[in-house]
Amino acid sequence: MSDSQPPSNESGHTLTADDVAKVAQLALLEVSDAELDRFTGQLGAVLDLAAELNQFDTDDVAPTAHPFGLFNVFRDDVPVDEIEGAERAVELRAEALAAGPEIEDNQYKVPPALGEAL
Amino acid sequence: MTATQRSTEEDLLPDGWEMVIGLEVHAELATRTKMFSPAANEFGGEPNTNIHPVCLGLPGTLPVVNRKAVELSIRIGLALDCTVGRCVWARKNYFYPDMPKDYQISQYDLPLNSDGQLELPSGAVIGIERAHMEEDTGKSTHVGESGRIHDAGYSLVDYNRAGVPLIEIVSRPEITGPEQAKEYVEELRSILVAVGASDGKMEEGSLRVDANVSVRPTGAEELRTRCEIKNVNSLRSLGRAIIFEARRHVQLYENGEAPRQETRHWDEEGGRTRAGRSKEEAEDYRYFADPDLVPIDPSQEWIDEIRAALPALPKDRRDALTGHGADPAAAATAVNRGLDGLALSAIENGADAERVLTHIAHNLAVDGADNLDAGNFAELVKMETSNALTSTQAKQVLAEMVETGNDPAAIATAHGFEAMDTGELEALVDSLIADHSDEWQRFVAAGQADDQKERKKMQGFFTGQIMKATKGQADGAAVNKLLSTKAGQAS
Amino acid sequence: MTSELTSATAIARDVAAGSRTAVSVAEEYLARISERDGEIHAFNTVMADDALAQATAVDEAVAAGHDVGPLAGVPIALKDNMCTRGVRTTCSSKMLENWVPPYDAAAVEKLRSAGAVAVGKTNLDEFAMGSSTENSAFGPTLNPLDPTRVPGGSSGGSAAAVAAGFSAVSLGSDTGGSIRQPAALCGLVGVKPTYGAVSRYGLIAFASSLDQIGPFAHDVADAAAVFDVIAGHDGRDSTSIPEQLPSMSDAVAASIADGIDGLRVGLVTELSGRGLDAFEPEVVAAGAAAADALAAAGAKVDEVSIPTAVAGLSAYYMIAPAEASSNLARYDGVRYGLREPGPNTASMMAASRTAGFGDEVKRRIMLGTYALSAGYYDAFYGKAQRIRTLMIQEFDRVYADFDVLISPTSPCVAFEFGAKADPLTMYYNDVCTIPSNLTGHPAMSIPFGLGAHSMPVGVQLMAPAMGEADMFRAAVALEAAAPQTGREPGASS
Ligand SMILES: [Mg+2]
Ligand SMILES: [Zn+2]
């Protein structure tokens, strides 16, 4: 790793403030103009770092989503009432619902939704 | 697709245009618990009672795949002639309050089932691109002044349905019109029910259909811009929505414009589709392999085991009946009602196929039919075809067989149902003719003048008299035959 | 090394034997917490009542002659990203400041049934994103060895709790080094198990394919004792490995008895820090000295080159943020956590997320969103996933010839607050630890002398998947050979 130096923050990356604004919108985050500038520089630097990956040829390499090749992990089709008991199942529901910021008629209350997906 | 259907569908669009339709059918799987969570998979119920930390996506929870849901999905894949193989769970990321994790776990580039086909009763074969597994969302109800979505007010979210296992069956764009689309959905539904994978109830939302519709010049190979129509809640709406949308496309092209790729919603009251989000502004779903889950790679043994246990499919069941001389439509009805097994046994026991299927179609409730012994049923039909019972009597005996489980001969005897011998019946007819000579003359004259209306009316008069005199025991068909013969002799 | 009073294994032995009560041990630790945690801020939540109740139950079980488990009465601190039923679990985020889980994490369940006494929930970089615990929404944790310096992160609170004597052992989580690096900076043993060895059920996800829970301890034997309790298959975690690992306590005993003769050890060239400005010379020297110490103890030590190891950092900063961007989508103000008002659902969600997350979390969410988005996936996320494959292949090849690998844990000793304000400089702290997360392999940090400012230096041992026993064997030898530092647990400078 003798040719590798700690990453530098100075870069001519092409990530623009518009890109970051779009990404913030996709992630449902509001960013001020000042934040946008700051984030653009910081994220651009990390993306530059990612360019380091191009020194490795991965054309014939399969992606790894997961370190080991586990597969076919299943559970039986048995309801929680039978696994943990009816009483615990009720507690779990009640305690989960109790964390809701706003509950009405046993449902989660939210301001009106616009359209199908946000 | 029959010739008449084809011509009807061709008439739906202006000359020179044809429809190209692909369907995406979502079916809820008939499991006890959800796809990744041990919460109950039950329809209805008080809001937020079928919930558990996992299907609420509470921090720290992890999904684990329901083996039964996979098995049911493999059944579906095999029934649709798909290749069943290694699949990877993927997250589809978008924000939506109905979706507890703000991503949906689905399958993307590696679905469980791919490359299948579905043969329709009419004979057409529709390609199946894929049938993948995914989880359902919850439901929100808008509460506000007018209930309209853009008014102030609020929404209430119920996660009972969130995480219910779904299979999404995606056809190739090979469906040619609304009738074929309906036929496809009906056939698919009966397969899902037959293999025990889903209850297929469109009215409860456990079967949902989205239609991808485009048009092209007749005979062209190209695929033009399609629109995906959602919110179609019945087969009737499906047909209407497809026609509306295809015509809209044709009109756009004929005006020198073109449709844009978008999701559209069927407005049942307005009888039209309305634009939703266009694909250009649509979400970037950022699919990636779900790191909380591992792939499914069903072994050949498992697949073989599931295949071996697969019940007969609707097509095979129809073929079994038509192979015994049943009319295709009557066979389809029997299969759709789930009474084809009974019908087949009765026919194999020597009963007449047409009579059997008539009873199956009209005189048997699906619920009561379990009680019915196929041998007894065959016996009943034989009594009927040998004129030992009239059709009216047979119907009555059948009802009682379902209720009591007794055999038809015993029931008939208890009711004193004995076929009148032909001589007895003829004597009765003769005496009625003598008593009602005016009516008889009118009947004979109508026959000579070929006045079917009058003839039918007078025939009804005599049949009614005879039934009255015999308390319904006379065989209507025999009576009609006697009346015709005598009228012929009289003219 | 640990004194008899602070060793977890000694506490468990004494409590089980009835020579000390769990309650007296708990009181002693709780007293130190109330004395000094106001300054150190290791804890977000101190569970004093729960701890005394649990300790009382342990004492009653001892009195009744019941089996009390291998950690009877051992005070343990839990990183505040592990769910505890009835006790708020915050991830050091405003988003979850008041969230109370309805269940215990699998690891917490196991600790409780082993007789351990949870004393509190420890501070962390928000959602475990950071290497200094400066990113907590509730203020930083101070390094008990020098309060002007960071304890490392993201499990800085768990490291500080053990270093300050607030608990005998603790649990952290390690996604890119978040156990090993703070262990190094606080002079502790810290273990990241093989991915899937410890259930993630109830661990609030940062990056699901990398996250692992592991112990902090004063010594290798204590770390082994906790490891043995929390490891094991769990049907609630699909990524839990089905195989049973051998007992690490047995491996420790065997190493003490038999030594490490013939153990094949590789010093990783690319992670040794030689010739790199970012590595402190004392750190580089400690790595080499540790390798020499193992050779002196009978190991067969060689240097080994793993070229892809240098790509770890870049691959990690694509993969971890990508998974995080999706894992953290659920914090939307609808079902739990912070809710800010808005005229419609979308604006409520955006307002809640904007108010609930700190800058580092936002940065990583945006980075991950970008890496996964249409048009960039192949170049960033996809490429990183392929690099991950290359790394696994290369490490597997190396492990054909070596039982364990060695390197420094962190390029530097504990640094002063604010010293690494630039994100990239901070990210570079994890350069040595990240490869084991990407490969899923186990790794641990063992204190090995002092570096700059008389702060502790940690040395990292790495092993192939499920190779923890060899790793613990080597750790025992390193621990025995480590220079005496004069630093006693709980002592501050
Ligand atoms: Mg779809
Ligand atoms: Zn779908």
Side-chain angles (χ1 to χ4, degrees), chain B residues 36-38 48 51-67 89-105 108-109 138 140 142 149-157 159 162 279 282-296, chain C residues 81-83 89 91 95-96 99 101-106 199-205 207-211 234-240 319 322-323 325-337 343-346 348-350 353 368-377 381-382 385:
Chain B
F36 302 109
S37 147
N48 292 311
I51 57 169
H52 178 270
V54 172
C55 56
L56 284 176
L58 294 193
T61 58
L62 294 170
V64 184
V65 178
N66 183 337
R67 185 196 321 267
W89 298 99
R91 293 186 185 177
K92 179 181 183 181
N93 294 285
Y94 62 101
F95 287 93
Y96 195 54
D98 290 0
M99 207 164 49
K101 302 179 294 297
D102 288 295
Y103 59 80
Q104 181 194 31
I105 305 175
Y108 185 52
D109 40 17
S140 46
H142 189 77
I149 204 153
H150 290 293
D151 285 357
Y154 55 93
S155 296
L156 293 177
V157 191
Y159 293 107
K279 287 283 177 188
E283 288 292 328
D284 175 348
Y285 291 122
R286 288 158 285 136
Y287 282 101
F288 73 109
D290 191 324
D292 285 331
L293 291 163
V294 298
I296 300 174
Chain C
N81 61 352
M82 293 170 207
C83 290
T89 299
C91 283
M95 185 58 87
L96 291 177
W99 184 60
Y103 45 87
D104 278 333
S199 171
R200 292 186 296 117
Y201 194 83
L203 170 68
I204 299 180
S208 309
S209 77
L210 306 167
D211 297 342
D234 181 12
R236 293 168 297 179
D237 174 358
S238 305
T239 62
S240 171
I319 292 170
E323 292 182 9
S325 71
S326 176
N327 283 334
L328 272 63
R330 70 190 66 194
Y331 305 105
D332 61 10
V334 175
R335 293 158 300 276
Y336 44 80
N344 57 54
T345 313
M348 177 277 283
M349 285 177 164
R353 291 169 62 75
T369 303
Y370 185 79
L372 286 176
S373 63
Y376 301 103
Y377 181 98
Y381 187 72
Q385 296 267 55

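Scope of the values below: all heavy atoms of this structure, side chains included, with no hydrogens, waters or symmetry mates. Residue numbers begin at 1 in each chain, while the letters A, B, ... track the order of the sequences.
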message: Other residues, nucleotides and ligands only: do more than 12 of their heavy atoms fall within 6.0 Å of OH on B/Tyr287?
response: yes
message: Ignoring hydrogens, what is the shortest heavy-atom contact between C/Cys83 and B/Pro59? Give both atom names and the distance.
response: SG-O, 3.5 Å
Which region of [X], side chain (C-beta onward) or backbone (N, CA, C, O), has a non-hydrogen atom less than 4.5 Å from a non-hydrogen atom of chain B, or is it both or neither?
{"X": "C/Ala374", "answer": "both"}
{"X": "C/Pro102", "answer": "side chain"}
{"X": "C/Thr369", "answer": "both"}
{"X": "C/Tyr376", "answer": "neither"}
{"X": "C/Ala322", "answer": "backbone"}
{"X": "C/Asn327", "answer": "both"}
{"X": "C/Tyr201", "answer": "both"}

With only heavy atoms counted, which part of [X] is less than 4.5 Å from chain C, the side chain, the backbone, both or neither?
{"X": "B/Pro38", "value": "neither"}
{"X": "B/Tyr159", "value": "side chain"}
{"X": "B/Asn93", "value": "side chain"}

Pairwise distance [atom1]([X]) to [atom2]([Y]) - rounded to 0.5 angstrom:
{"X": "C/Leu203", "Y": "B/Thr61", "atom1": "CG", "atom2": "OG1", "answer": "11.5 Å"}
{"X": "B/Tyr285", "Y": "C/Ser373", "atom1": "OH", "atom2": "OG", "answer": "15.0 Å"}
{"X": "B/Leu62", "Y": "C/Ser208", "atom1": "CG", "atom2": "OG", "answer": "7.0 Å"}
{"X": "B/Asp284", "Y": "C/Tyr377", "atom1": "CG", "atom2": "OH", "answer": "12.0 Å"}
{"X": "B/His52", "Y": "C/Tyr103", "atom1": "NE2", "atom2": "OH", "answer": "9.0 Å"}
{"X": "B/Tyr96", "Y": "C/Asp332", "atom1": "OH", "atom2": "CG", "answer": "13.0 Å"}

- request: Using the side-chain contact (heavy atoms from CB on, under 4.5 Å) rule, take B/Val54 and C/Arg236 through it: C-alpha gap first, then chi angles, then the decisive distance, then the call.
  value: CA-CA 10 Å; B/Val54 172; C/Arg236 293 168 297 179; over 6 Å; no
field: Test side-chain hydrogen bond (donor to acceptor under 3.5 Å, both in side chains) applied to C/Arg330 and B/Tyr103, step by step
entry: CA-CA 8 Å; C/Arg330 70 190 66 194; B/Tyr103 59 80; 3.1 Å; yes
Does some side-chain heavy atom of [Y] sit less than 4.5 Å from a side-chain heavy atom of [X]?
{"X": "B/Phe36", "Y": "C/Ser238", "value": "no"}
{"X": "C/Glu323", "Y": "B/Phe288", "value": "yes"}
{"X": "C/Arg353", "Y": "B/Phe95", "value": "yes"}

field: Between C/Ser326 and B/Arg91, a side-chain donor and acceptor under 3.5 Å
entry: yes
field: Pair B/Asp102 + C/Arg335, salt bridge at N-O below 4.0 Å
entry: yes
